[in-house]
Visitor: 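What follows is a single structure, and I will ask about it in a moment.
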Amino acid sequence: GQSLEQPSEVTAVEGAIVQINCTYQTSGFYGLSWYQQHDGGAPTFLSYNALDGLEETGRFSSFLSRSDSYGYLLLQELQMKDSASYFCAVDEYIFGTGTRLKVLA
Amino acid sequence: NAGVTQTPKFQVLKTGQSMTLQCAQDMNHNSMYWYRQDPGMGLRLIYYSASEGTTDKGEVPNGYNVSRLNKREFSLRLESAAPSQTSVYFCASCRTWTSGNTIYFGEGSWLTVV
């Protein structure tokens, strides 16, 4: 079946850089997306990779390697407000298990 | 900027009752979706509608029905609610652009079935 695996939790300090990985077992998709979700809120779009390589959007970057069935989200200059859950998604159909990011002061 | 609006925000149902979750988007998107999210988990697709007049099953369609009333509105119906359907439900629409797709979510509907 199709699945996307992420680490359940990541902790980092304010100002640091953190990488959240997403490994998948699926094929034939158009792109890999990343979403942020604060507790009690709705997911919001962060980044999208249609092609292999790095996409940069401000403090957030996302990477995709189709040959390795792997992607990651990179968050730089971490802020307290970045404490949230992060999900990868294949097109609109399959979402990852989610990674809870805790940013410590 | 309304975006995606869904109602109700909170609902408690008794087992066997029926209800409809309403969703509307004002972004003129063709595709709309219903997801459910259980505690500590990712989103799972229930049903989607690629365009007005079409609907398709997602990963977890059992116990649900949908109606794409027009381009703006996409409703989700629980005919006979079960405790296993206690969850947070998100409606979404999708913008298709040259470099990919972006999903816009509603604020969520918290449903408890007792």
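Note on naming: letters A, B, ... go to the chains in the order of the sequence lines (proteins, then strands), and numbering restarts at 1 for each one.
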Visitor: Based on non-hydrogen pairs under 4.5 Å, which of B:Cys94, B:Ser31, B:Gly42 is most in contact with chain A?
Guide: B:Gly42
Visitor: Taking atom types as modelled, is there a side-chain donor on A:Glu92 or B:Tyr33 under 3.5 Å from an acceptor on the other?
Guide: yes
Visitor: Taking the ring centre of each residue, are A:Tyr93 and B:Tyr48 less than 6.0 Å apart?
Guide: yes
Visitor: Ignoring hydrogens and angles, tell me if any N or O in the side chain of B:Gln25 forms a donor-acceptor pair with the backbone of B:Asn28 under 3.5 Å.
Guide: yes
Visitor: Is A:Asp91 in contact with chain B via its backbone, its side chain, both, or neither, using a 4.5 Å heavy-atom distance?
Guide: backbone
Visitor: For A:Thr97, is it the side chain, the backbone, both or neither that has a heavy atom under 4.5 Å from a heavy atom of chain B?
Guide: backbone
Visitor: Please look at A:Glu55 and chain B and tell me whether the side chain, the backbone, both or neither of the residue comes under 4.5 angstrom of a heavy atom of that chain.
Guide: neither
Visitor: Before accepting this row, confirm whether a basic side-chain N of the pair B:Arg68/B:Asp56 lies closer than 4.0 Å to the acidic partner's carboxylate O.
Guide: no
